[in-house]
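Please read the structure below before turning to the comments.
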Amino acid sequence: MVRFGEALAAEQEGLWKPHYLDYDHMKNELDRLVAHEADPSTTLPPGWAKSSDDFAKVLDTEIEKVVLFYLERQGQLAAQMGSLIRSSTSNAELADGCRAIGAELVKLMSFLEINIVAIRKVLKKHDKMVGSQQLMGNFLSTRDDKAESHLRQLSALTGVSAIAASIAGGLTAARGSSQQGLVQRSHTVFYGRFDRKDSFNEIRQAEAILSEIDEMRERVSVASGMLSTAGFLATQLEPGMTEPVAVEGREPMICTYLNHATTFFYMMNYYIVLPSSGQYAQELGMPASFSGAIVGCTPLAAQISAFAYSGWTNYSYRQPLLFTTGLVLLGNIFYVLALPLQSSWLLLLGRLSTGLGGSRGISRRYIADTSRAQERTAISAMFVSAGCVGTAAGPGIAAILSGMLGREEINAPFGLILNTATVPGFLMVVLWMLHFTLLLVFFGEPACRKNKSATSNVKVSKATRQPLIEQDKSEDIQEGVCSILGRDRAVQVCLLSYFVLKLVQEGVITSTPLVTGYLLGWGQEDTGSFVAVLGLLVLPLNFIMGYLSRESDDRTLMCAMQVMLCVGVLAVVVQVRSNTVSGINFVLGAGIIYCSASMLEGVTMSLLSKVTPPSLAKGICNSGLLSTEAGTLGRTCGNWLVVIVGAHVSLPHLAQTMFLPELMMCFLLLALTRK
């Protein structure tokens, strides 16, 4: 902290010194605040900070001073640039003027960077020294959400980028004109400087000032990102909040285990119908490619219900978990009744009900809100592993049941039919009934969702006594979410990555029974075993990815996994005359796609948590919901793509036709990530 103060003093320009954030003054205010916290009876002179709210007001004043000078100086540079464009009389004068303004622009961005770092240091120091109230998360989130906020202007580089573009254009125009020995100051010549892309790229390489401007813009963006990340992490678990406590007579980890079990059963239920979905469709008089619709109904419904559950979890976890479990149970009952009633609509209704009971968003938020910070990573890893094991268990158990029943069909009581198509539904009915009972008996409401009276003897902050994350007003949601998504490229790329990886992964899994059945003659047992093996491979691969994450940055790993995803899709697309060779290509490609997509998901989750601004960490439209929606939309599109392509293309050409556009999307994602 002392060393940063010295670095800040050394960085300050002589004439600009009054406009920097007064770091020493903020440290003195903090020392007085800490002294007053220790002895409230101490009388402080007027104007001194007596609370964290007073300290925040002082910091607001300092930020306002920084921002107003930054905007004033930015306007001066813009005016100088405009005057230079209009009045320069030679190429040399134009080029020298652009370089001089560029140097001033670099100095201004350096001013901006050091002040952003100072704000983060001040807030971090406050939260470390003042134990009664944490300021970082609330200060950043409340000010970043407002369009008129001074703090928000620190990360807005629109004006700087416009001046930088004019500087680059001026240098390009000067160099282009000098080749003809003349200078033309008309708007046509000057503003036509971007017509030749090769010339523009050459000038960026030739002019050092342009590289300096790009480097400083990147440094300012990094500093802003670190400030946003610090605020985001501070909102996850503030020290003033109480930790989850045990419900009397029950072990607290029982609720966590039941939460993981909910995810395990849901993912198992999602994929257990995959090997037999084509057979079920044919028994109801539909083409085998309709299996994509059978599987795809579930994520489609889950995408719709996620919004309701996101709001419901502001007040309760037990109620939505019981409700979703009941919906999934009802969906499986509809699923087994569809065959004896010969109703394809009842079959789809059952899968829709299963999707409406999707509780993965509830489970994710439960972990974030109830686990201690030091335990959260381990508990999250358990959650991911539970989903992976469920993904593998579904097709694996379906393969075992198929081997036990074979082609046999059993007429059960009440007109029910038990065969390889319906037995997965019967099994899930039994498992969900058992799980519902365990939730009803053992799953208690966590402390953060109990009535105020349950915590009346515990000293908590005002924020803890209210819903942990309040719902935003409609205009706040529109401004906070839509505007951030519109301008934050890193968040856009992460959400696109979620969509593409789920699109490709779901497409290959859904089409596997159809393609391998035609090319290799695989039955339900073979398909189920194959998908089960892929699901189990994810566990050791995630351990490997965890090791690699300590050696490489997230962006590098993300690009590497996207390259592997492109390789897998390319292998699936390749078709040869031999069905056996094409089938082997498909199996190898499917394996690469599934494993690389699963590893890419983990890296994307990590990167998204680091680049998400604090304003997307609260309310209904939070970052968890957005990532879930992006992934679920990808699943839905992947499943329905099988249906649409299968209705118009024969099985020999299904994989090639379906995965060609997906290959293009993978290349696009890779290009955007590397850019």
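We use all heavy atoms of the structure for the numbers below, so side chains are in, but hydrogens, waters and symmetry mates are not. One-based numbering along the sequence shown.
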Looking at side-chain heavy atoms only, is the closest gap between [X] and [Y] below 4.5 Å?
X      : Y      : value
Leu534 : Phe530 : yes
Tyr366 : Thr262 : no
Asn259 : Thr263 : no
Leu329 : Val429 : yes
Arg318 : Leu321 : no
Leu520 : Val587 : yes
Met268 : Leu427 : yes
Thr516 : Asp526 : no

What are the two closest non-hydrogen atoms of [X] and [Y], and how far apart are they?
X      : Y      : result
Gly631 : Lys502 : O-CB, 3.3 Å
Thr673 : Cys559 : CG2-SG, 3.6 Å
Gly355 : Ser305 : O-OG, 3.8 Å
Gly589 : Ala571 : CA-CB, 3.8 Å
Thr324 : Leu356 : CG2-O, 4.5 Å
Val500 : Cys666 : CG1-SG, 4.1 Å

Within 6.0 angstrom of Met433 CE, more than 12 heavy atoms from elsewhere =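 Result for CE/Met433: open.
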
Is a side-chain donor or acceptor of [X] paired with a backbone partner of [Y] at a separation under 3.5 angstrom?
X      : Y      : answer
Gln342 : Leu339 : yes
Ser316 : Trp312 : no
Glu601 : Tyr498 : no
Ser353 : Leu349 : no
Thr512 : Val508 : yes
Ser402 : Ala398 : no
Arg351 : Ile294 : yes
Ser343 : Ala338 : no

Nearest 0.5 Å, please: how far is [atom2] in [Y] from [atom1] in [X]?
X      : Y      : atom1 : atom2 : answer
Met561 : Leu670 : CE    : CG    : 12.0 Å
Thr420 : Glu283 : OG1   : CD    : 6.5 Å
Leu327 : Asn332 : CG    : CG    : 11.5 Å
Cys566 : Glu662 : SG    : CD    : 11.5 Å
Thr325 : Leu258 : OG1   : CG    : 9.5 Å
Asn269 : Met428 : CG    : CE    : 4.0 Å

Given Leu588, Val567, Ile509, Val569, the one that forms side-chain contact (heavy atoms from CB on, under 4.5 Å) with Ile593 =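 Single side-chain contact (heavy atoms from CB on, under 4.5 Å) partner of Ile593 among Leu588, Val567, Ile509, Val569: Val569.
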
Evaluate the ring planes of Tyr266 and Tyr270, with Trp represented by its six-membered ring, and classify them as parallel (under 30°), tilted (30 to 60°) or perpendicular (over 60°).
->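 Rings of Tyr266 and Tyr270: tilted, as their planes differ by 30° to 60°.
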
Should the ring pair Phe659 and Phe586 be called parallel, tilted or perpendicular, given that the plane angle runs from 0 to 90° and is split at 30 and 60?
->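 The arrangement is perpendicular - the two ring planes meet at more than 60°.
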
Derivation and outcome, side-chain contact (heavy atoms from CB on, under 4.5 Å), residues Leu337 and Leu416 = CA-CA 7 Å; Leu337 290 176; Leu416 301 176; 3.5 Å; yes

Apply side-chain contact (heavy atoms from CB on, under 4.5 Å) to Leu347 and Tyr335, showing your working.
-> CA-CA 5 Å; Leu347 174 64; Tyr335 186 84; 3.2 Å; yes

After noting the C-alpha distance and the side-chain angles of Leu330 and Phe334, does the key distance pass the side-chain contact (heavy atoms from CB on, under 4.5 Å) rule?
-> CA-CA 6 Å; Leu330 183 64; Phe334 289 157; 3.8 Å; yes

Between Phe443 and Tyr317, does the ring centre distance come in under 6.0 Å?
->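 Between Tyr317 and Phe443, which both carry aromatic rings, the centre distance is not below 6.0 Å.
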
For Asn419 and Thr422, test the side chains for any donor-to-acceptor distance below 3.5 angstrom and give the result as yes or no.
->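 A pair is found: one side chain offers a donor N or O, the other an acceptor, under 3.5 Å apart.
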
Pair Thr604-Ser497, side-chain donor/acceptor within less than 3.5 Å | yes

Which residue pairs pass the side chain to side chain donor-acceptor pair (under 3.5 Å) test when at least one of the two sits in residues 386-398, sequence neighbours left out?
-> none

